[in-house]
Each structure stands twice: as C-alpha cells, then as structure tokens.
Amino acid sequence: MNSYFAKFYKCALQVNPFDYIKYRGKEHSFTEEEYNHSIYENCIKEGIKVVGLANHGDVQNSKSLRNYLQERDIVVFPGFEISTSERVHIVCLFDESTNELQLERYLGSLELTDTNDGISPSKLSFIQIAQKIEELGGFWYAAHVTQDNGVLKLHQYPIWQSRFLKAAQIPAKRHEVEDKFINILKNKDPNYKKDTSFALINAKDVSKPEDILIETASCLVKMSEPNFKSFKLAFQDPEARVRLTSDLNEVHQTSIDQINIFGGYLDDFEIKLSPNLNTIIGGRGTGKSTLIELIRYALDQKPKGKDAKKTFDNIIEANLGAGGRVELLVTSHKQFGKQFKIIKRFNSPIAIMNLDGTKSKLEIHDILPNIEIYSQNEVVEITDSENAKLQILNRFLGKHNSFEQAKEEKKGSLRKNASLLLEKLERFDELSSKINKLPSLKEKQRTYDELGISQKLNIQGQITTEERYILTCKENIKKHSLQIQKAAIPFNDEFIEKTKNGSIFKDLKREINDFNERIEHLLAQYTDIKLSTLTALDSLSEKWLVEKQGAEVEIKKAIKSLGDLNGQNGQDIAKEYSNTLEQIASIEPLTQELSLLEQEISDLEYERDNLREQLNVIKDTELDTLRKAVKKINNKKLQGKVKIEIYPKKNRDFLINFLAQEKGLGVQGLKWLEEIETFDITSFIENVKNGKDALYNAYKSYGLQQNRAEIISAMSKERILELEIIDLPNIIDIQLNVSSGKEEKYKSLDKLSKGQQCTAVLNILMLENEDPLIVDQPEDNLDNAYIANNLVKGLRELKINRQFLFATHNANLPVFGDAELIGVMEENEGTGCVNEECLGSVDNNYVKEAVVNTLEGGSMAFIMRKEKYNI
C-alpha cells in the first residue's frame, strides 16, 4: 500500500541550465550531459524531489536539463526569471506538463524590452506581471528580496504589501539575514506590514552542480504528492506547509506507521499513517471508534474510565472476535528509531517482532512508554482523578522522570528491611519470653540450695547441665550454614572473539573461573569440617555417656538419701531439680543471642531511618522538579490559556483507605485527616507509636475521637512499618482562563463546565510527549471557537514533533489543522474500510470533496451559509 499522507518535499526552485554560466562570464570544464548528470546526482544526494527551472528570460536552453531530470523521476516545474518594470526580479514557475512552446508564449506575453537579452526588464509592472502569471495558472516568487534587484533592497514596499506576493526568497537562514530586514520578514515593521500571509523560501541561482549542495539552495514544501497543483496550494497556508530547510529540526518522535486489521467488522483494513497529524473521518457506523479501540487493544492500553472499560470490552469482542488480529508497524523514539511489528491476536498475549522476523524481548512500555489513547468522552474523566492529573504532568519532568522508579526501589528496600526487622523482633520476643523465666528458675535453684538438695544432688545437677550443653553444641553445628555464591562472568566467548582486547578478557574469564573453583573447594572443605566436627561431637558424647553411666550409682544413692520432703518423695524431688537445672542450662546461653539480636535490631532501625530519609529526599526532589516544570508551563507553554497549581501532599485518600482497614474504623470516621492543612505523616506515625493519649491529644481538635485513637495506636508493628511508606500524593489544580479579554481570569476544574474541563486538559495533553496522542472525537464537549482558535493552533505547532491520530466529525481539525493525512472511512458490503481514493491531505481533490460532503454538509451547505450570513 502506498503512502498517501502529505509530507515535506525538498525543492530547489532556482536551477539554471548548462549555458546560464555564460551570463557570469564563465565557462564549464565539462559537457552539458555531464552538467545535467551532476545536477541529478546532487539532487539525489540532497534528497531534492522538485526542481524549478529559472533561466533568465529564456526557456529553450532549459529543455535538455528538464528532460534529463524528468526521465529520472525528478519533478520539474519549468519557468524563467524576469525583471519587472520596477526592476524587481521574480521567478515564474508553471505546471510540470507545460511544454516549451507554451512557455515561449507566456514569456512573450510579458513584453520583455529585449527578447535577445534575458536580463532586460519587462515593460509590465509587478502588478501586471503578477496578474498575468495568475491568469496563466502559474506561480511566482520575489527573488533574492534582500539583495540587488530584490523587493526590499529596492524599498518597494507597495510590491511587498501586495496580496499577490505570496513567497519571498531570502539568501540565508532566518537568523543570518541583515538586521534591517529582520522585522520586515517577521511582519512587524509597520511600513512593510502585510495583511496577507506569505512564505519565506531559500533558493539559490544555481549555475554549478555543487551549488545544489548548499543548504540555502532548497526549501521544504508539504504536499500529498509532488506536483504543481499541490505545490501552489501549499502557499495558501505557508505557515503550515512551507519551511526553510534550516527551520525543520530533525525529530525522532514515535509513530504508528501502519495499521492492519484481520477479521471482524474492519477485516482487511489497512492504512499508512503520517508521523504528524492524522484525522479519520466518515459517517456514523463506519468504524472510526472501532479503529481507535483496536489500536488501544493492540497496545494493551486499558481504558481509564469505568464506562469506557465496559464499552471497550464490548467493541473488541463484537468487532474482532475469535481468529481476529491487529498488526501495527511502529517506529520507536525510545528505541532510537527502530521499527517493530506489534501483533495482537484476540484473547492472546501481544507479540512484538523485529523486522527480521525474530521475536523481540522488549515489551510495549519499552517501545511506547508514554502512548496516550482516549475513547470518546474519556478525556473529561481525567478531571475526576487526582492520579490521572498527576500522570499527565509527569511528562514535563523530562529526563528527571525516573522518580517513581527511584521511590519504588527505596520502598522495596524498606519492605525488605521491615521483613528482616519483623523476623528479628519476633525472635527477640521469643527469646525475651524464655529469658523472662530465668529469674524464677534461679529462685527455685536457690531454694534447692537452702534445703541442701543441691548439695546432695550435686552430681545429678552437673550431669544434667553437661547433657544440656552437649545437646546445644550439636544443635548449633547442625543449624550452622555458610552461604557463598559463585561469581558470574558478565561476557561470553562470542564477545571475547569480537572485542579489541580479547586476550585480556580471556585472562579475566580464567581468573573468575579459578575463583569459582576455589569457592567450590572451600564449600567442600566446609562440608567436611561440619561432618568431622559432628563426628567428633558424637564421639565425645559417647565418651560422656560412659561417665554418666558411672555416675548413675552415686546419683541413685543421693536420691535415696533425700527421703520425703513436704509430701514429695525423693524421686520426684530429683526429677524436678533436674528439670530446673536443664531449663536454666538451655536458657542462659540465650542471653548472649539476645544481646546480639538487640544490636541487629538497632542496626536495622538505623538503616530504616536512613532509608526513610532517602525516600523523603527523592520525594522532595520530585516536588521541586515538578514545581519548576509547572512554573515553566504557566509562564511559557500555556501562558494565557491554562494555569496549574500544586498542593503538596494534600491527597489523604491512600492514608485514609489504609487506616480504614483496621477493625472498628471506616472511611467516614477518618475524614478529619483531610481537615489538617499542614499534615505531616512522620509526626503522625510518631504519635501512633507513642500511644493513644499522645495521638488523641495531637489531633482531637481536628475531630479525632478517643475510641478511634485507641484503635489506630493499637496497630500491629507490621502495619506501622507499612504505614511508614504510605505516599501522600500532591493535589493538582488545573485552572482555565475563561476571560475573552486581555485581563486573565482563571477558574478551577471543579467550577468549569464539561467542555471547559476538556479544554483545559487537552491543552496539557498535547504538550511534551514523543509518543502518539490518539483521541476519539476530541471535539466532544468543546465549542467551535476553542477548536478553531486554540486546539487547531496548538496542533499546527506541535504536530511537527509528535504524532496525533483523531477520529473526528469536526472539519476544523483536518482542514485548519492542515492534517497530513485525512482518511475517509465508509461501509462496503457490511465491512468498514478506508476509501483509498479519499486518502491524503486537502490538496487531494477527492479528499477535499469528501471533507466537504462528510463534515461540512456538502457544497449546498456552503451556499446556504453564504446566503444566510452574507459572507
């Protein structure tokens, strides 16, 4: 499928034939055929598609060059350069089909004073020649206006101000023009003020093939196809369609280049899009909205509103269905201009393919991280979501827009810290519970001492304590572990073969492999040491058992010697004594572990304080950056249209919803948090930790009740740690200038009509994004005055650096927005499709007719408007 959209073509509009150099008293050192070939080669090298032939007062000598270029698919506008009776030089160009005989007649009608001398002036004035060229269907521009024989150099301001003057050639880039002409060219000099639009172009009086290579030898003209009709039409809207080569910065925005749909209502649909402004028009039911939703589906972009989600699901199922798929060809700014094919089959995962047919490992967010797609009426739903408003402002953070990732990384560290801290605290509580039993056990031991039992059962006590310690030693060795990881090699053999210093990297690989081998050896040694130690402990344990058996006779005698004491026999007393000593022996070593654990907890708490402060620094930097970005928006990008104000950390919804999860609390009972103008979550957490009285006293004046303070302060340690990383988002107040006069008057979104809300949001959506903006009927809820005076103006300026795709019923967007591509959708035998004849820009007759009939009510509507409004 061919590309039908309008684009800028490079045009060299003052090229001369081989013999022209004689006017300058010089000769070429090559033949005419070599000259023609060199002109052609340099056109190809510079990407020049259109050439204007402009020999002085002559057309015949240009025939050879014209034929040579045309045979090689360079579009040639034949013509000539002449001087008016005021001695102002102008270049006249004509349709590519105009033959030499016609050109001779045209030239003859302009009454040159000397037909044998091409540089002699005409007897006709500028106005007469301009009218004559217009009648002949040609186009002319004022040549070298700031130089000799130029309109401005000759101070011919009446000629400059004439409505006939639509294009003026300057010999340099805009900023290189002489200072005295700058304000005239900007149309700010009252003596030369023009009421009609005009274009500045670059063209050089080419006499040598190398002249074409000079940047100022050509200019850019936007056309659907490079032909004379489209060329002339471009100068009707020079602001959008004519550029100096130096004006058009190289841009690398992401673009959806082609859409193919298979199955469903849009089966066999195919369209190639412009990287700039695309508008899809057509009658109701032709599939415009379906197309937008299928693009959304292919890019896995979920609708933002509840109603939009339901509509989206219905559209996808009804218009794609089993076996259907959508394919998008995408050029990614994020991936440095690389192209990908994105395939989305119904109810299947997205497949992203490289153009060589291999599957890419990238995901959608790697290719189009900031794509924005809005269904019909969905834009207005942004106004109800604080998060959505924050998201559309994030684009203005530019290279700093990595705060979310930085915050999440820091929060991840805090969650890991919390997990370790909770584990240590749980163990601390467990050990504390056991160690807390030690004083009572010690007291029992003293009682045994006082009763003389300890002395009589001294051997049994020693044996019991020894046995406990032996078991503890074994347990400690069995539980012991050593975690050692192998070192990874960050490169492969293929890298070693290809890289410059391969021998060094071979040695690096050998050293790391040697390290890993030694690690394996170390691990094997550790395993041997552990096994040998356990064997040794078992041997010592067996040796100790022999000693224990030898002591059993003495122990039995000691137990028998106890007799009865306070109703207990000696056997029971000995058993209880032994149990007491065993517990003491098992608990006493825990005090050392508890001491170590206290230090570990202290270290983790210190680490946590540092992590929280680091997170706060990221949040502070993010807020500072956002403030600067908003100031820039308010003072430059949206000045006089929209104003944005930030209320830091004012959104308490996340905090309220988090606390409401505590049993006995509810959202309504926490609304008092919204009443605190300068709420600080760190202070709030400290008050929670300090208990119910501290919490109640701090916030009772705002409406906190005692029973709720008790519930909040009783939160688990785990929940408090979660609370410490809760975000308090900013509230963004978007305000629209509703004044129609010079004095600005701003109103917040909640005080605006739906149409005004959409106006404010659209102004922001259109800015600062390299990824496409796709909207279904952006004109919904907007009045025509805003569309014509605001939206369209913004589009014309911003589309150079961003792709827009709109499905629309409003003629202002494609026509006054000067859409590079207007696609007309229609229904054919029950299937939605795009009419290939009606695909292009307004310089395509079929497209123009379709716009008139589809969006403007037909030609009769124009006649009726004229009669009704007398315009």
Checklist entry - Hey, mind stepping through Tyr141 and Phe198 against ring pair (Phe, Tyr, Trp, His ring centres under 6.0 Å) and telling me if it holds? => result CA-CA 10 Å; Tyr141 65 84; Phe198 65 100; over 10 Å; no
Checklist entry - Should we say atom NZ of Lys63 is surrounded by more than 12 heavy atoms from elsewhere, each under 6.0 Å from it? => result no
Checklist entry - In this structure, are over 12 heavy atoms from other groups packed under 6.0 Å from Asp195 atom CG? => result no
Checklist entry - With side chains defined as the heavy atoms from C-beta onward, is the minimum distance between Ser83 and Asn149 less than 4.5 Å? => result no
Checklist entry - Run the side chain to side chain contact (heavy atoms under 4.5 Å, CB included) check on Ile159 and Leu154 step by step: do they pass? => result CA-CA 10 Å; Ile159 294 177; Leu154 294 172; over 6 Å; no
Next on the checklist: Rounded to the nearest 0.5 Å, what separates atom NZ in Lys180 from atom OG1 in Thr146?
Outcome noted: 9.0 Å
Next on the checklist: Would you say Ser207 and Asn16 are linked by a side-chain donor-acceptor pair, where the criterion is simply a distance under 3.5 Å?
Outcome noted: no
Item to check | Residue Glu104 excluded, over 12 heavy atoms near CD under 6.0 Å | outcome: yes
Item to check | Flag side-chain contact, heavy atom, 4.5 Å: Leu213 against Glu46 | outcome: yes
Next on the checklist: Checking ring-ring contact (aromatic ring centres under 6.0 Å, His included) between Trp140 and each of Phe164, Phe126, Phe80, Phe77, which is the one that passes?
Outcome noted: Phe126
Checklist entry - Can you find a heavy atom in the side chain of Leu798 that is under 4.5 Å from one in the side chain of Phe804? => result yes
Checklist outcome for this item: For Cys43 and Ile212, the nearest pair of non-hydrogen atoms, with its separation, is SG-CD1, 3.8 Å
Checklist entry - Is it the case that Glu81 and His56 place a side-chain donor and acceptor less than 3.5 Å from each other? => result yes
Checklist entry - Just wondering, are more than 12 heavy atoms of other shown residues or ligands nearer than 6.0 Å to CZ in Phe181? => result yes
Checklist entry - If you measure only the distance, is there a donor-acceptor pair under 3.5 Å linking the side chains of Ser255 and Asp257? => result yes
Next on the checklist: For the residue pair Asn227 / Ser230, report whether a side-chain donor-acceptor contact shorter than 3.5 Å exists.
Outcome noted: yes
Item to check | CD/Glu176: more than 12 non-hydrogen atoms of other groups inside 6.0 Å | outcome: yes
Next on the checklist: Are the side chains of Ile127 and Ser162 in contact, using a 4.5 Å heavy-atom criterion?
Outcome noted: yes
Item to check | Short side-chain to backbone donor-acceptor contact, Glu86 and Ser125, under 3.5 Å | outcome: no
Item to check | Note, Lys153 side chain near His144 side chain (heavy atom, < 4.5 Å) | outcome: no
Checklist entry - From Leu110 CG over to Ile82 CD1, what is the distance, rounded to the nearest 0.5 angstrom? => result 4.5 Å
Checklist entry - Would the number of heavy atoms belonging to other residues, nucleotides or ligands and lying under 6.0 Å from CD of Glu225 be above 12? => result no
Checklist entry - Lys643 side chain to Leu638 main-chain N or O, any donor-acceptor pair under 3.5 Å? => result no
Item to check | Glu96 backbone acceptor or donor facing Arg66 side chain under 3.5 Å | outcome: yes
Checklist entry - Hey, what's the ring geometry for Phe228 with Phe231, parallel, tilted or perpendicular (30° and 60° as the breaks)? => result parallel
Checklist entry - Looking only at side chains, do Tyr20 and Asp58 share a donor and an acceptor under 3.5 Å apart? => result no
Checklist entry - For the side chain of Asn763 and the backbone of Thr759, is there at least one donor-acceptor N/O pair under 3.5 Å apart? => result yes
Item to check | Heavy-atom side-chain proximity of Lys186 to Arg174 below 4.5 angstrom | outcome: no
Checklist entry - Charged N to carboxylate O below 4.0 Å: is that the case for Arg802 and Glu372? => result yes
Checklist entry - With no hydrogens and no angle check, is any side-chain donor or acceptor of Lys232 less than 3.5 Å from a backbone partner on Gly137? => result yes
Item to check | Ion pair check, Lys799 and Glu820, cut-off under 4.0 Å | outcome: yes
Checklist entry - Are there more than 12 heavy atoms of other residues, nucleotides or ligands under 6.0 Å from atom CZ of Arg72? => result yes
Checklist entry - Cut-off 3.5 Å, side chains only: do Thr808 and Glu779 have a donor facing an acceptor? => result yes
Checklist entry - Do Ser274 side-chain atoms and Asn278 backbone N/O form a donor-acceptor pair below 3.5 Å? => result no
Next on the checklist: Hydrogens and angles aside, do Asn202 and Thr245 bring a side-chain donor and acceptor to less than 3.5 Å of each other?
Outcome noted: no
Next on the checklist: Give me the atom names and distance for the closest heavy-atom approach of Ala819 to Ser841.
Outcome noted: O-OG, 3.0 Å
Item to check | Nearest heavy-atom neighbours spanning Pro778 and Leu813 | outcome: CG-CD1, 3.7 Å
Checklist outcome for this item: Taking every heavy atom of Met223 against every heavy atom of Tyr9, the minimum-distance pair comes out as O-CE1, 3.3 Å
Checklist entry - Any sub-3.5 Å donor-acceptor pair from Asn187's side-chain atoms to Lys194's backbone N or O? => result yes
Checklist entry - Hey, are Asp818 and Arg796 close enough for a salt bridge, meaning a charged N less than 4.0 Å from a carboxylate O? => result no
Checklist outcome for this item: Result for salt bridge (Lys or Arg N to Asp or Glu O under 4.0 Å) between Asp843 and one of Lys222, Arg241, Lys848 points to Arg241
Checklist entry - Is a side-chain N or O of Gln70 found less than 3.5 angstrom from the main chain of Asn67, in a donor-acceptor match? => result no
Item to check | Distance, nearest 0.5 Å, that separates NZ of Lys641 from CG of Leu736 | outcome: 11.0 Å
Next on the checklist: So Val834 and Ile280, do their side chains get closer than 4.5 Å, heavy atoms only?
Outcome noted: no
Checklist entry - Looking at Ile133 and Cys92, what are the two nearest heavy atoms and their distance? => result CD1-SG, 3.7 Å
Item to check | Minimum heavy-atom distance Pro78-Leu103, with the two atoms named | outcome: CB-CD1, 3.4 Å
Checklist outcome for this item: To the nearest 0.5 Å, atom CD1 of Ile256 lies from atom CG of Leu273 at 7.0 Å
Checklist entry - Judged by atom type as modelled, is there a donor-acceptor pair below 3.5 Å linking the side chain of Gln161 to the main-chain atoms of Asn191? => result yes
Next on the checklist: Could you check whether any side-chain heavy atom of Trp160 comes within less than 4.5 Å of a side-chain heavy atom of Val151, counting everything from C-beta outward?
Outcome noted: yes
Item to check | Trace of the side chain to side chain contact (heavy atoms under 4.5 Å, CB included) decision for Val221 with Ile201 | outcome: CA-CA 9 Å; Val221 180; Ile201 63 171; 6.0 Å; no
Checklist entry - Checking side chain to side chain contact (heavy atoms under 4.5 Å, CB included) for the pair Ile74/Ile44: CA distance, chi angles, key distance, verdict? => result CA-CA 9 Å; Ile74 300 291; Ile44 297 303; 4.2 Å; yes
Checklist entry - Side chain of His28, backbone of Glu32: donor and acceptor closer than 3.5 Å? => result no
Next on the checklist: In terms of relative ring orientation, are Phe139 and Phe235 parallel, tilted or perpendicular, with 30° and 60° separating the classes?
Outcome noted: tilted
Item to check | Test side chain to side chain contact (heavy atoms under 4.5 Å, CB included) applied to Leu13 and Val91, step by step | outcome: CA-CA 9 Å; Leu13 299 175; Val91 172; over 6 Å; no
Checklist entry - Got a sec: does the CD of Glu239 have more than 12 other heavy atoms crowding it under 6.0 Å? => result no
